[in-house]
Enquirer: 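Below is a structure I'd like to ask you about.
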Amino acid sequence: MQSKINNFFMPLSSSPTRKSANPSQCCIAEFDYGRVQPEILVTYQRRPQNSICEKNGASAGEASKEIDLENIVPNLGVTKSGKVLNKKRKYAQFYLELGQSDFLLHTCIVCGFKYARGDEEDEKFHKMFHKNYTHGIPFKGWRNERKLRIPSLEIGRIILVLDNDPPPQRNKVQEVVKMMEMELGDGWIYHQLCKVYLFISSQRISGCLVAEPIKKAYKILSRPEGSRCNVSPEKEVRRTSTTLQFGGVSFQREMVGRNHSTKSCEESDESISGVVLCGMEAVSALCGIRAIWVTPSNRRKHLASYLLDAARESFCKDLVLKSSELAYSQPTSVGTAFISSYTSSHSFLVYTPSDV
């Protein structure tokens, strides 16, 4: 075995019959390890530095995709896991609940709308609704609107809407009626036989009057029949209390009261809360005013009087009604004061739903 190994590592000089050959074609047995060995150049391609992906066993292709994503969208804050982080700060406003009655929903004292404070959408919707309630519903006008000519009207215009008008006009009426129902009550203001008068000012519906045909009405009484007002002079009533004595000083208390029996007949009538007294005999009537409503910012500007004038002149064909011939339904205390001012009398006509 040793001889074979020695023969394997035999130097080339020991073989005289060896011919010169190409060094690349030399066999391993004839290779001389004493000579200088050729240099072998090995090139390597540098991989992207991604320690997280190498730890998780991710491939180089996935790492290059993440690097490209960071280069393309640098402002979104894309993390290695693919999540997008929002770098924009949020300044949230917090409220303390200390037993407030309107903590969850705040009620506006003007329009009565309930909304959540701090909620951007609720506050935006409340702002729009509040403006429509106080100034009127936006109205750009119609091509074929029924405009009424009122000589006393100087600003704005009044249009009439009937039940057989196009759907856009009827839908606008329903929108106004819903706004009226918040203040006057819902479910009774409008029906198919009603005629609706709209007051338009500054491209908004500032007032509305709903009228209906009736057959009879009753005359309201200024005061109850057979009532008498007992007028007597004021009398002072003195009642002396017990005497309080502190040492040599005594205090005596006197109470002076007035007898308020000198109320006028009108004041005694106003003391009757919510009672409307009518006559027993029915009177023939044609036009019944079902409801009148004016936006809060346009009140005290005679808009309701203009609407009543329009109803008197246009409700009956070829007939102008007098102010005393109009009948009213369910007058409130404010409505009673307005009707008395419009008719210049405390006695006017009222009607019930059965008189329609």
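The structure displayed is predicted, hence computed values, not measured ones.
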Enquirer: How far apart are the C-alpha atoms of His135 and Thr295, what are their side-chain angles, what is the distance that settles it, and do they pass the side chain to side chain contact (heavy atoms under 4.5 Å, CB included) test?
Expert: CA-CA 6 Å; His135 295 84; Thr295 56; 5.9 Å; no

Enquirer: Is there a path of hydrophobic side-chain contacts, each under 4.5 Å between heavy atoms of I, L, V, M, F, W or Y residues, that connects Val173 with Tyr133?
Expert: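 Yes; Tyr133 is reachable from Val173 via cluster members.
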
Enquirer: Does some side-chain heavy atom of Lys216 sit less than 4.5 Å from a side-chain heavy atom of Tyr351?
Expert: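 Not touching, per the 4.5 Å side-chain cut-off.
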
Enquirer: Are Ile158 and Asp309 side-chain neighbours, meaning at least one heavy-atom pair lies under 4.5 Å?
Expert: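 No, their side chains stay 4.5 Å or more apart.
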
Enquirer: Do the non-hydrogen side-chain atoms of Ile150 and Glu313 ever get within less than 4.5 Å of each other?
Expert: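 Yes, at least one pair of side-chain atoms sits under 4.5 Å.
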
Enquirer: From His302 NE2 over to Leu307 CG, what is the distance, rounded to the nearest 0.5 angstrom?
Expert: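 Separation between the atoms: 13.0 Å.
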
Enquirer: Taking the six-membered ring for Trp and the single ring otherwise, decide whether the centroids of His130 and Phe113 are under 6.0 Å apart.
Expert: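 Here the rings of Phe113 and His130 have centres that are no less than 6.0 Å from each other.
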
Enquirer: Please check if the side chain of Arg290 supplies one atom and the backbone of Ala211 the other of a donor-acceptor pair under 3.5 Å.
Expert: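 Not a single qualifying donor-acceptor pair exists.
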
Enquirer: Hey, does Ile292 have a side-chain heavy atom less than 4.5 Å from the side chain of Phe338?
Expert: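 Yes; the side chains approach each other to less than 4.5 Å.
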
Enquirer: When rounded to the nearest 0.5 angstrom, what distance separates OG in Ser206 from CH2 in Trp293?
Expert: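 If I round to the nearest 0.5 Å, the distance is 9.0 Å.
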
Enquirer: Is Tyr197 close to Cys208 at the side-chain level, that is, under 4.5 Å between some pair of heavy atoms?
Expert: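 No - every pair of side-chain heavy atoms lies 4.5 Å or more apart.
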
Enquirer: Atom CD1 in Ile155, atom CD1 in Ile200: separation rounded to 0.5 Å?
Expert: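 That separation rounds to 14.5 Å.
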
Enquirer: Should Leu209 and Leu162 be counted in the same cluster of Ile, Leu, Val, Met, Phe, Trp and Tyr side chains packed under 4.5 Å apart?
Expert: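 Yes, Leu209 and Leu162 fall within the same hydrophobic cluster.
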
Enquirer: Is any side-chain N of the basic residue among Lys127 and Glu120 closer than 4.0 Å to the acidic one's carboxylate O?
Expert: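 Answer for the salt bridge query: no.
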
Enquirer: Under 4.5 Å between any side-chain heavy atoms of Glu181 and Trp188, yes or no?
Expert: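 Glu181 does not reach Trp188 side chain to side chain.
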
Enquirer: How far apart are the C-alpha atoms of Asp163 and Leu193, what are their side-chain angles, what is the distance that settles it, and do they pass the side chain to side chain contact (heavy atoms under 4.5 Å, CB included) test?
Expert: CA-CA 7 Å; Asp163 186 66; Leu193 300 178; over 6 Å; no

Enquirer: Test of understanding: clusters of I, L, V, M, F, W, Y form through side-chain heavy atoms closer than 4.5 Å, transitively. Do Leu184 and Phe129 belong to the same one?
Expert: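 In one cluster: yes.
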
Enquirer: Under 30°, 30 to 60°, or over 60°: which ring-plane class applies to Phe348 and Tyr328, parallel, tilted or perpendicular?
Expert: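 Rings of Phe348 and Tyr328: perpendicular, as their planes differ by over 60°.
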
Enquirer: So, for Ser314 and Leu148, which heavy atoms are closest and what is the spacing to 0.1 Å?
Expert: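 So the minimum-distance heavy-atom pair works out to OG-CD1, 3.6 Å.
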
Enquirer: Does some side-chain heavy atom of Leu160 sit less than 4.5 Å from a side-chain heavy atom of Lys195?
Expert: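 The answer is yes; the side chains approach within 4.5 Å.
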
Enquirer: Do you know the tightest heavy-atom contact between Met182 and Cys111?
Expert: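 Shortest heavy-atom contact: CE-O, 3.3 Å.
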
Enquirer: Looking at Lys172 and Glu175, is there a salt bridge between them, counting it only when a charged N and a carboxylate O are closer than 4.0 Å?
Expert: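 So Glu175 pairs with Lys172 through a salt bridge.
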
Enquirer: To the nearest 0.5 Å, how far apart are CE in Met179 and CD in Gln174?
Expert: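 Answer rounded to 0.5 Å: 13.5 Å.
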
Enquirer: Look at Arg157 together with Glu145 and state whether they make a salt bridge at an N to O cut-off of under 4.0 Å.
Expert: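 Glu145 and Arg157: salt-bridged.
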
Enquirer: Where is the tightest heavy-atom contact between Lys147 and Ile159, given as atom of each residue plus distance?
Expert: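 Looking at all heavy atoms of both residues, the closest pair is CA-CG2, 4.1 Å.
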
Enquirer: To check you understand the geometry: which heavy-atom pair defines the closest contact between Leu105 and Ala116, and what is its length?
Expert: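 Residues Leu105 and Ala116, closest heavy atoms: CD2-N, 4.1 Å.
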
Enquirer: Hey, what do you get for OG (Ser201) to OH (Tyr306), rounding to the nearest 0.5 Å?
Expert: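 These two atoms lie 11.0 Å from each other.
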
Enquirer: Applying side chain to side chain contact (heavy atoms under 4.5 Å, CB included), run through Arg204 and Asn132 and close with a yes or a no.
Expert: CA-CA 8 Å; Arg204 288 184 177 270; Asn132 294 343; 3.2 Å; yes

Enquirer: Looking at Ser340 and His346, would you say the former's side chain and the latter's main chain have a donor-acceptor pair under 3.5 Å?
Expert: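 Answer holds: no.
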
Enquirer: Apply side chain to side chain contact (heavy atoms under 4.5 Å, CB included) to the pair Cys287 and Glu325, showing each step before the final yes or no.
Expert: CA-CA 8 Å; Cys287 178; Glu325 294 177 347; over 6 Å; no

Enquirer: With rounding to the nearest 0.5 Å, note down the distance linking CG in Asn164 to CD in Gln169.
Expert: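 Between atom CG of Asn164 and atom CD of Gln169 there are 9.5 Å.
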
Enquirer: Nearest heavy-atom pair of Asp165 and Arg170: which atoms, and what distance?
Expert: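 Heavy atoms of Asp165 and Arg170 come nearest at O-NE, 3.1 Å.
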
Enquirer: Heavy-atom count check: over 12 atoms from other residues, nucleotides or ligands less than 6.0 Å from Gln192 CD?
Expert: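 Incorrect, the count does not exceed 12.
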
Enquirer: Pro213 versus Leu286: any side-chain heavy-atom pair under 4.5 Å?
Expert: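 Answer no - side chains too far apart.
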
Enquirer: Is it true that, when you exclude Asn144 itself, more than 12 heavy atoms of the residues, nucleotides or ligands shown sit nearer than 6.0 Å to its CG?
Expert: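 Result for CG/Asn144: open.
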
Enquirer: According to a hydrophobic-cluster definition based on side-chain heavy atoms being under 4.5 Å apart (Ile, Leu, Val, Met, Phe, Trp, Tyr only), do Val177 and Phe199 belong together?
Expert: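 Different clusters.
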
Enquirer: Verify the neighbour count for atom NZ of Lys131: are there more than 12 heavy atoms of other residues, nucleotides or ligands below 6.0 Å?
Expert: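 Result for NZ/Lys131: open.
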
Enquirer: What about Met128 and Val176, same hydrophobic cluster or not, with Ile/Leu/Val/Met/Phe/Trp/Tyr joined at side-chain heavy-atom distances under 4.5 Å?
Expert: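 Same hydrophobic cluster.
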
Enquirer: Closest approach of Ile189 and Ala291, non-hydrogen atoms and distance?
Expert: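 Closest heavy-atom pair between Ile189 and Ala291: CG2-CB, 4.1 Å.
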
Enquirer: Parallel, tilted or perpendicular for Phe139 and Trp142, by the 30°/60° rule?
Expert: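 Rings of Phe139 and Trp142: perpendicular, over 60°.
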
